[in-house]
Amino acid sequence: MKRYNIVLVGGGSTWTPGLLQSLTKKKEEFPLARLVMYDINAKRQEVIGEFAKILFREKYPELDFEYTTDEEVAFKDVDFVFCQMRTGGYEMREKDEKIPLSLGAIGQETCGAGGFAYGMRSIRDMIELINNVRKYSPEAWILNYTNPAAIVAEAVNRAFPEDKRILNICDQPVNLLRSYGRLLGMDPYEFEPIYFGLNHFGWFTHLYDKDGNDLVPKIKEIVKERGFKPADAEQRDQSWLDTYAIVEDMLKDFPDYLPNTYLQYYYYPEYKLKKLNPDYTRANEVMNGREKRVFEECRRIAKMGTTEGSAVVHNDAHGDMIVEVAESIAHNRNKIYIIITENNGLVANVQDDAMVEVAATLGANGPRPMGVGKIGTFYKGMMEQQMAYEKLTVDAYFEGSYNKALQALTLNRTIVDAKKARKILDALIEANKEYWPELK
Ligand code: NAD
Ligand code: G6P
Ligand code: MN
């Protein structure tokens, strides 16, 4: 069997240890020859890299592994690029969340004004990365998790319209499928989902079992009776448990489909604004939780020289998804994943150039997405407003346009008021001077 070469961009990510373990688990079905971790922050990456050395020495001794900050070493002769970078780090995530909250709007890293700020930072680095990859590996598949995926996908699609080997993905649909699996006591790998929307803004219309029965009505019933929890509830912070619990309310108000959890910010911006603590946001929870745990555990393992008894990864949906996506492409498996792609009629009554999130079979020639036909007026209205916000954000970036940025934020359901949008925009410009293009 062919053995593949992979580079992991954002080697110092909190998700890297889990991803490395997913690769290790899959070494029979998807064997690697070489794995390189690449990051611009050598010190951060080193901690994870030293953990990786121990993990591979024990579980993947045949693997040629190194970590580097050198682009040529990283991108030469690779088959797959796995990407998960965070421009500006958690320090900037904290600002994305706290600045809008201090001005009366939701503070979330991918939704609303926070997602706007993060998007304006991610675009530049993602374009630079893709140019660098293409210099050394013109044929490599680039599988990208970098957030906010909706805005990154829109920008990358505009910057590289001819490049058919870039695929933007999100693990939240997989997290949801696993959670439905737990709820029903069924294996989520047997589900066949039908899904439509934008990233962090979509709905499962159907979820078929092996025999073609739609499980959506049953899931709705159980959620109404017993509430909803993530598949890995025991390892989740309280804010994530609250996020899943609110699905019960969403289903009461809009019972047609199963909502992506991120819709809570758009359905209930006022309620969420009251609930979020402007002095202690998700960024603080992550810095004091996942980031601390992952880095402490990696340091401990490097010191002990063994991964025996380690619990560095909890949620493995993230790592499993990207590895399975790569495997499905590499071996032309045509398995079904929910991915981001250009609409072109998939949602029949939404414009062609929207970057939508839908189910697709994934094979050697990339995704073959499944259309959902025409959608109802409520969903069309929601989607088009959000899509306009996303497109205007990307316009603002490429045109350096203050006016487009103001239009974008005004259209966002978590803001709405133009005077509020202007105040938030001005504060975000100030905070992002180092990262954004100048907006005139
Ligand atoms: P993190 O800050 O822990 O990790 C990001 C790493 O990227 C850091 O080590 C940083 O030094 C590095 N980096 C920053 N800019 C870079 C660049 N230009 N080139 C190479 N490396 C760079 O963040 P995290 O919370 O672990 O998340 C990583 C990314 O993955 C974020 O964008 C996050 O939103 C995303 N993510 C997406 C999904 C999804 O569903 N799409 C799921 C999980 C995480
Ligand atoms: C989900 C989303 C991701 C997000 C991740 C972590 O998996 O799909 O886009 O990055 O959650 O969010 P957190 O707030 O825990 O960093
Ligand atoms: Mn996501």
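Counting starts at 1 for both ligands and their atoms, following the listed order.
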In sequence, state the C-alpha distance, the side-chain angles, and the governing distance for Tyr195 and Phe204, and then conclude on ring-ring contact (aromatic ring centres under 6.0 Å, His included). CA-CA 4 Å; Tyr195 187 93; Phe204 288 90; 4.7 Å; yes
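- Side-chain N/O atoms of Thr414 and Asn412 include a donor and acceptor closer than 3.5 Å.
- Contacts between Tyr90 and ligand 2 below 4.0 angstrom, taking non-hydrogen atoms only, are absent altogether.
- By the criterion of a heavy-atom distance under 4.0 Å, neither the backbone nor the side chain of Glu91 is placed next to ligand 1.
- Considering all non-hydrogen atoms of both residues, Ile6 and Val78 come closest at C-CG1, 4.4 Å.
- Short contacts between ligand 1 and Val9, defined as distances under 4.0 Å to a heavy atom of the residue, involve ligand atoms 20 (C).
- When heavy-atom distances to ligand 1 are checked against a 4.0 Å cut-off, Ile40 comes that close through both its backbone and its side chain.
- Under the rule for a side chain to side chain donor-acceptor pair (under 3.5 Å), Arg299 has no partner lying at least two apart in sequence or in another chain.
- Residue contact check: Asn41 has heavy atoms under 4.0 Å from atoms 11 (O) of ligand 1.
- In terms of protein heavy atoms, atom 28 (C) of ligand 1 is closest to Gln84 O, 3.5 Å.
- Polar contact check, Thr14 against ligand 1: a nitrogen or oxygen pair lies under 3.5 Å apart.
- Each of the atoms 1 (C), 2 (C), 3 (C), 4 (C), 11 (O) of ligand 2 lies under 4.0 Å from some heavy atom of Tyr262.
- Only the side chain of Arg290 comes within 4.0 Å of ligand 2, judged by heavy-atom distances.
- Side-chain contact between Ile54 and Met304 is absent, with no heavy-atom pair separated by less than 4.5 Å.
- Nearest non-hydrogen protein atom to atom 8 (C) of ligand 1 is Asp39 OD2, 3.5 Å.
- A salt bridge links Asp395 with Arg158: the closest approach of a Lys/Arg side-chain nitrogen to an acidic carboxylate oxygen falls below 4.0 angstrom.
- Within 6.0 Å of the NZ atom in Lys27, the count of heavy atoms belonging to other residues, nucleotides or ligands exceeds 12.
- Below 30°, between 30° and 60°, or above 60°: for Phe254 and Phe378 the angle between ring planes is below 30°, a parallel geometry.
- Heavy atoms of Thr110 found under 4.0 angstrom from ligand 2: none, in either backbone or side chain.
- Looking at His318 against ligand 1, only its side chain comes within 4.0 Å, counting heavy atoms.
- When each atom of ligand 2 is checked for a heavy atom of Asn147 under 4.0 Å away, the hits are 3 (C), 4 (C), 9 (O), 10 (O).
- Using cut-offs of 30° and 60° on the angle between ring planes, the pair Phe196 and Tyr257 is perpendicular.
- With respect to the salt-bridge test (charged N to carboxylate O, under 4.0 angstrom), the residues Glu297 and Arg293 do not qualify.
- Ring planes of Trp203 and Tyr267: tilted class, angle from 30 to 60°.
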Give the intermediate values and the outcome of salt bridge (Lys or Arg N to Asp or Glu O under 4.0 Å) for residues Glu399 and Lys404. CA-CA 8 Å; Glu399 296 169 23; Lys404 290 279 176 74; 3.0 Å; yes
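- Polar contact check, Met85 against ligand 1: a nitrogen or oxygen pair lies under 3.5 Å apart.
- At a heavy-atom cutoff of 4.0 Å, ligand 2 is contacted by no atom of Glu97, backbone or side chain.
- Taking every heavy atom of Cys170 and a limit of under 4.0 angstrom, the matching atoms of ligand 1 come to 39 (C), 40 (O), 41 (N).
- In this model, no donor atom of one side chain and acceptor atom of the other lie less than 3.5 Å apart for Gln172 and Asn260.
- Using bins of under 30°, 30° to 60° and over 60° for the plane-to-plane angle, the ring pair Tyr60/Phe56 lands in the perpendicular bin.
- Of the protein's heavy atoms, Tyr90 OH, 3.4 Å lies nearest to atom 24 (P) of ligand 1.
- For ligand 2, the polar-atom distance check against Trp15 finds no nitrogen or oxygen pair separated by under 3.5 Å.
- Here the shortest heavy-atom pairing between Tyr38 and Thr69 reads CE1-O, 3.5 Å.
- Note: Tyr389 and Phe116 have tilted aromatic rings, judged against thresholds of 30 and 60 degrees for the angle between ring planes.
- In Thr16, neither the side chain nor the backbone holds a heavy atom less than 4.0 Å from any atom of ligand 1.
- The nearest non-hydrogen atom to atom 31 (C) of ligand 1, considering only Tyr145, Phe295, Tyr118, Trp15, comes from Tyr118.
- By the 4.0 Å N-to-carboxylate-O rule, Arg34 lies too far from Asp77 to be salt-bridged with it.
- Using a 4.0 Å cut-off between charged nitrogen and carboxylate oxygen, Glu327 and Arg333 count as a salt-bridge pair.
- At the top of the distance list for atom 34 (O) of ligand 1, counting protein heavy atoms only, stands Asn147 ND2, 2.9 Å.
- Listed by number with element, the atoms of ligand 1 under 4.0 angstrom from any heavy atom of Arg290 are 25 (O).
- When heavy-atom distances to ligand 1 are checked against a 4.0 Å cut-off, Ala149 has no atom that comes that close, whether in backbone or side chain.
- For atom 4 (O) of ligand 1, the nearest protein heavy atom (residue, atom name, distance) is Ser13 CA, 3.1 Å.
- Around the Mn ion (ligand 3), the protein contributes the following N, O or S atoms at distances under 2.8 Å: Cys170 SG, His200 NE2.
- In this structure, Glu270 places its CD atom where only 12 or fewer heavy-atom neighbours from other residues, nucleotides or ligands lie under 6.0 Å away.
- Proximity of Trp240 to ligand 2, defined as any heavy-atom pair under 4.0 Å, is confined to the side chain (atoms from C-beta onward).
- At under 3.5 Å, not a single nitrogen or oxygen of Arg86, backbone or side chain, sits near a nitrogen or oxygen of ligand 2.
- Near Cys170, with a cut-off below 4.0 Å to any heavy atom, the atoms of ligand 2 are 8 (O).
- Shown in contact with Asn175 at under 4.0 Å from a heavy atom are these atoms of ligand 2, numbered in order with element: 7 (O).
- Counting the atoms of ligand 1 from 1 in the order shown, those under 4.0 Å from a heavy atom of Ile169 are 41 (N).
- With ligand atoms numbered from 1 in the order given, ligand 1 contributes 3 (O), 9 (O) to contacts under 4.0 Å with heavy atoms of Gly12.
- Arg86 NH2, 3.7 Å is the protein heavy atom nearest to atom 33 (C) of ligand 1.
- Considering only non-hydrogen protein atoms, atom 1 (P) of ligand 1 sits nearest to Arg44 NH2, 3.7 Å.
- Atoms of ligand 2 found under 4.0 Å from any heavy atom of Arg93 (numbered from 1 in listed order, with element): 13 (P), 14 (O), 16 (O).
- When hydrogens are left out, the protein atom nearest atom 18 (N) of ligand 1 is Asp125 OD2, 3.2 Å; that is the closest non-hydrogen contact.
- Interface atoms of ligand 2 facing Arg282, defined by a heavy-atom separation under 4.0 Å, are 13 (P), 14 (O), 15 (O).
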Test His318 against Tyr145 for ring-ring contact (aromatic ring centres under 6.0 Å, His included), laying out the working first. CA-CA 9 Å; His318 178 84; Tyr145 264 140; 4.0 Å; yes
Report the C-alpha distance between Glu324 and Lys26 in whole Å, list the side-chain angles of each, state the deciding distance to 0.1 Å, and finish with yes or no for salt bridge (Lys or Arg N to Asp or Glu O under 4.0 Å). CA-CA 9 Å; Glu324 289 169 23; Lys26 283 281 243 180; 5.2 Å; no
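- Distances below 4.0 Å separate heavy atoms of Asp171 from the following atoms of ligand 1: 39 (C), 40 (O), 42 (C), 43 (C).
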